Structures are given as structure tokens and as C-alpha cells.
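Accompanying notes for the structure given below.
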Amino acid sequence: MEQILKAKAINKKFGDVYACNNLSIELYTGEVVGIVGESGSGKSTLLNCLSGSLVPDGGNITYLDRDNNWLDLLSLPEPRKRNLLRTEWAFVHQNPRDGLRMAVSAGGNIGERLMAIGYRNYSQIRAEATEWIEKVEIDAIRLDDKPSIFSGGMQQRLQIAKNLITKPRLIFMDEPTGGLDVSVQARLLDLIRSLVRELGLSVIIVTHDLAVARFMANRLIVMKNGKIVETGLTDQVLDDPQHSYTQLLVSSILKV
Amino acid sequence: MLEVKNVAKSFNLKNLDKGKFSVIRDACFNVNSGECVALIGNSGCGKSTLMRMIYGNYVCAEGEIYIDKENILDLKAIEMSILRKQKMGYVSQFLRVLPRVSTIDLVMEPLLDQFESRARAKDIAETLLSRLNLSSQLWHLSPLTFSGGEQQRVNIAIGFSKDYKLLLLDEPTASLDRENKKIVMDMISEKKEKGSAILGIFHDKEVRDKVCEREIDVSNFSAS
Ligand SMILES: Nc1ncnc2c1ncn2[C@@H]1O[C@H](COP(=O)(O)OP(=O)(O)OP(=O)(O)O)[C@@H](O)[C@H]1O
Ligand SMILES: Nc1ncnc2c1ncn2[C@@H]1O[C@H](COP(=O)(O)OP(=O)(O)OP(=O)(O)O)[C@@H](O)[C@H]1O
Ligand SMILES: [Mg+2]
Ligand SMILES: [Mg+2]
């Protein structure tokens with residue numbers, strides 16, 4: 001049981017709003033941590049700080065890289081950070097437009113990630129792209145289409161394929177299956193789960209959906225007003241919530 | 001294997017700050033390897049609640065719960081989730097699984113978690129499902145549309161796929177017919193022979209008489 005990411009006392013303020021108020025979290029290798037909480041509670045802000053896309057006002061974030069070095073993310077040079085994001089990490093955005101290049105073909109979007117980790121052989125890239133686009137249940141004949149003409153759900157599935165194809169060690173997901181119909185959502189969640197198991201990936205997943213949290217996460221963090229109000233084993237937090245806010249959150253939705 | 005010491009449980013009352021209501025007080029008992037112990041008592045006395053605390057599904061704020069000499073109340077969430085995977089199986093009364101995942105994959109999952117090879121996991125899963133009389137036509141379907149008894153057998157297959165040191169069973173035979181009930185009783189006896197400690201809730205007296213060495217009346221721990 002080894003840690004892969006440690007964040008201490010993360011603070012982020014927008015004007016007078018504390019989006020992250022002194023948040024500390026640890027992630028272990030092979031673990032899926034879910035972050036739930038109402039809209040505006042600071043979930044995306046926390047994820048963006050952890051993944052280096054937003055600079056927190058204060059705090060400390062360290063990551064254990066592939067070569068077993070603890071990196072101080074807040075002082076890491078920008079090119080190294082970008083390199084991490086391309087190779088060891090993946091970020092699945094809430095809005096697929098933030099994670100795709102809309103003017104590049106679906107196959108190109110996926111191939112790009114493979115090239116970033118050193119793939120050079122065109123037919124191999126094409127073969128893997130085909131395999132992955134089918135894994136997310138998009139017909140392979142759509143490989144040369146641009147994602148701009150895909151439906152929202154297809155764009156989201158393409159974004160997920162693009163991110164997972166390089167088998168990253170650490171995946172950040174912000175509402176990854178929000179706009180998808182239930183059946184496709186289940187298929188993708190199962191795909192992500194098998195990868196976590198097979199490759200020992202670590203995942204932080206932000207979601208509104210407590211059912212998604214239950215099926216995906218080992219551990220759950222409940223946020224409210226930029227603070228963590230409760231954390232524990234997912235089924236414990238959902239079935240026997242301790243904090244009154246969590247009790248409200250759990251009881252205000254249909255039983256999951 | 002399992003030791004429960006002075007455990008108490010209360011829930012917050014719904015409807016705002018009406019305080020707490022106590023369900024269990026001063027629960028003390030233990031279960032040794034190789035034996036099956038039944039929790040009995042009237043409906044609502046706290047049998048399932050006690051079992052869920054042992055599994056870490058419900059918070060235990062008072063007392064001590066030792067599994068393999070380790071007080072689980074001292075464990076972090078991540079440590080508890082590892083302990084579950086390695087040592088503790090739980091068959092709840094109802095199946096709760098991700099839609100669209102096939103029955104065979106669900107049964108293989110705990111085995112793959114422990115780094116069994118796919119081939120071996122598949123072998124074990126198929127043997128179990130056959131033994132529980134689940135038609136092989138169903139193996140590649142999600143169990144969510146199965147009948148109550150079929151779902152329960154899938155749940156049992158998931159819980160029995162590994163030789164856990166501690167196995168918790170919450171009414172595993174409730175919706176099974178005679179034939180399948182008999183099979184589950186045999187499976188429980190085999191797990192005991194292999195050294196598992198088993199804690200079970202069985203409304204069926206016949207099942208208790210056949211497989212349990214002792215009974216613990218949870219209403220003795222009643223808080224009211
Ligand atoms: N760039 C920004 N500028 C100003 N305020 C911001 C900015 N980003 C976030 N905020 C504010 O910070 C708070 C937290 O926002 P955040 O996006 O983290 O919420 P969230 O929990 O992800 O919500 P949702 O579930 O709706 O996505 C909100 O009050 C939001 O308005
Ligand atoms: N998550 C929960 N929140 C609030 N109260 C709960 C919760 N779980 C159980 N209880 C209460 O605790 C008491 C004991 O319930 P429990 O399910 O343990 O009974 P039981 O002995 O298993 O009964 P049965 O034989 O009917 O299954 C009941 O009053 C129940 O309403
Ligand atoms: Mg957000
Ligand atoms: Mg019960």
C-alpha cells in the first residue's frame with residue numbers, strides 16, 4: 001500500500017469565495033477516490049489544483065512518479081508538468097470540448113496521445129486507435145470523422161478513449177459520464193474499473209451521481225463550501241453517513 | 001478470528017436534530033475459525049446492523065472489533081478496504097451491482113482482485129455457478145433482471161468464490177428453494193472445514209440446526 005499523490009492544506013480563493021479551504025487528501029496506488037458534493041462546493045477547483053491546471057493560493061502537492069521520485073508539483077517546471085500530463089496522467093474533463101481537439105479527426109485525437117509516449121508506427125497507432133474507439137462503443141468507421149460532428153455522448157466517449165489508451169498511472173475525472181445515457185455510462189464505468197484492476201491505476205473521480213460513486217470509488221470524500229465534511233469507505237459514507245450534510249445528500253436522492 | 005467487545009450503536013434520528021436512538025449496547029461475542037455462529041433475535045433488534053459494523057459498512061463509534069487480532073476501528077479506510085479484499089466476505093440479502101456487467105465477471109472480480117489468473121478465476125466462477133444451478137445461458141447476462149432466487153445465488157457465488165478467513169452471511173438462503181438451500185448449507189460446511197469463521201443470520205431454524213455450532217441472541221444486547 002503505497003501513496004501516489006499527497007496534497008496538504010490546499011487553499012484557493014476566488015474573490016471572497018473559498019473554493020478550497022485547507023483541503024488535504026492522499027491517494028494510494030490502485031485506489032479510486034470519489035469526490036461528491038453539491039454544485040459550487042469546490043470539487044472541480046480541487047481537481048484542477050491537484051492536476052496542476054490551477055495554481056492554489058497555498059498548500060503543498062507531491063506526486064510519486066514512474067521512477068519513484070516524489071515531485072513537488074507546485075514548483076515543477078512547466079514543460080515537465082506538461083510532459084506528466086501527456087504521459088503518466090490523464091484528465092477527463094466534464095466538457096469533452098476541453099479534452100479534445102475539435103478540428104482533428106477522432107483517430108488523430110487518439111493517435112496524438114500515443115505519439116506523445118513514443119509511438120511512431122502509423123499502422124500500429126491506427127490499430128490501437130481502432131481497438132479503443134470500439135471499446136467505448138463508437139463504430140470504427142467514424143475514426144476519420146472530426147469530433148465536432150459527434151453527438152455529446154460520443155465526444156465524451158472519445159475523450160475517455162483518448163485518455164485511457166496510454167494507460168496512465170493517475171487519472172483525474174470530472175463528471176466523466178455526466179451526459180451519457182445509463183447503459184453507455186455503465187459500460188464505460190465497467191471499462192474504467194477493469195483497467196484500474198488490471199493496471200493498478202489510481203483515480204480521482206468527481207461526480208454528482210452517488211450511484212456512480214458507489215460503483216467506482218473505494219473511498220469517498222464529501223465536500224461542502226470548499227471543505228471536506230466527511231470521508232470514509234464509500235459504502236459506509238453512503239449507508240451510514242455521519243455528518244448531517246451527508247445525511248441530507250444521501251436522503252435527498254433515490255436509493256442507490 | 002472475530003472478537004466483538006462492548007460494541008454499541010446508535011443512529012441519528014432523521015428529521016433534523018432529534019438526537020440519537022440506540023440500537024445495540026454492550027455487544028460481546030466471538031467466532032472462531034472453523035465454526036459457524038448464528039445471530040438471532042426478533043426483527044429490528046440489530047442483527048444486520050451488527051454484521052454491517054463488522055464489515056465496516058456501518059460506523060462503530062464504541063467498543064472494539066478484532067478481526068485476526070487487529071482492531072478494525074483503528075484502521076484507515078484504505079486499510080479497511082484492503083482487509084476486506086484479503087480476509088472478509090459479505091453476502092448481503094440483496095444484490096447490488098453495476099448494470100451491464102455479466103454474472104461471470106462479477107463472480108470473477110474478487111478473484112482477479114487477488115491477482116488470480118483470468119483462466120483460474122473463470123474456472124472457479126463457472127464451477128460455483130454450475131453448482132448453484134445457475135443455467136450457463138445466464139452467465140453472460142447481467143443479474144439485474146434475474147429472479148430473486150437467482151440473484152441471491154449470484155450473490156452467494158460472489159461471496160464464496162474465495163476462502164475468506166471470515167465470512168458474513170445476512171440471510172443467504174431466504175429466497176432459495178429446498179434443493180438450493182441444501183447446496184448452500186453444504187457450501188457453508190465446506191468453508192468451515194477449510195477453516196473459515198462464519199457469522200450468519202438465518203431465519204430458517206433448519207439451516208441453523210444443520211450448520212451452526214452456536215447462537216447469539218442479539219436482543220440481549222438491546223439498548224432499549
Ligand atoms: N475561475 C473562477 N473564477 C471565479 N470563481 C470561480 C472560478 N472557478 C470556480 N469559481 C467559484 O468557486 C466555487 C467552486 O467552484 P467549482 O467549480 O470548484 O464547483 P464544483 O463543486 O465543481 O461545482 P459543480 O458541481 O457545479 O461543477 C464556486 O462558487 C464557483 O463559482
Ligand atoms: N442506516 C440506518 N439508519 C438508521 N437506522 C437504521 C439503519 N440501519 C438500521 N437501522 C435501524 O436499526 C434497527 C435494527 O435494524 P437491523 O436491520 O439491524 O435489524 P435486524 O435485526 O437485522 O432485523 P430483520 O430481522 O428484520 O432483518 C432498526 O430499528 C432499523 O430501523
Ligand atoms: Mg465542477
Ligand atoms: Mg436484517
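Small disclaimer: the values here were computed from a predicted structure and weren't measured. Below, read A as the first sequence line, B as the second, and so on, with proteins coming before strands; counting in each chain starts at 1.
- Scanning residues 69-90 of chain B against chain A with a 4.5 Å non-hydrogen threshold yields B:Lys76, B:Ala77, B:Ile78, B:Glu79, B:Met80, B:Ser81, B:Ile82, B:Arg84, B:Lys85, sorted by number.
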Trace of the side chain to side chain contact (heavy atoms under 4.5 Å, CB included) decision for B:Leu98 with A:Arg193: CA-CA 10 Å; B:Leu98 188 64; A:Arg193 261 172 26 139; 4.0 Å; yes
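- In this structure, B:Arg52 does not pair ionically with A:Asp235, as no charged nitrogen and carboxylate oxygen lie closer than 4.0 Å.
- The residue among A:Arg219, A:Gln185, A:Arg187 with the most heavy atom pairs within less than 4.5 Å of chain B is A:Arg187.
- Around atom CZ of A:Arg197, more than 12 heavy atoms belonging to other residues, nucleotides or ligands sit under 6.0 Å away.
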Verdict with supporting geometry, A:Asp240 and B:Lys9, side chain to side chain contact (heavy atoms under 4.5 Å, CB included): CA-CA 11 Å; A:Asp240 189 16; B:Lys9 179 69 185 170; 2.6 Å; yes
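- Annotation: the span from B:Tyr55 atom OH to A:Gln236 atom CD amounts to 13.0 Å, rounded to 0.5 Å.
- Annotation for B:Lys122: atom NZ does not count as buried by contact number, only 12 or fewer foreign heavy atoms lying within 6.0 Å.
- In this structure, the separation between OG on A:Ser244 and CG on B:Asn12 is 8.5 Å, given to the nearest 0.5 Å.
- With a 4.5 angstrom heavy-atom cutoff, A:Gln242 touches chain B via backbone and side-chain atoms both.
- Remark: B:Phe21 CZ is packed, more than 12 non-hydrogen atoms of other residues, nucleotides or ligands lying under 6.0 Å away.
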CA sep, side-chain torsions, deciding dist, call: A:Asp190, B:Arg100, side chain to side chain contact (heavy atoms under 4.5 Å, CB included): CA-CA 8 Å; A:Asp190 185 43; B:Arg100 276 189 71 179; over 6 Å; no
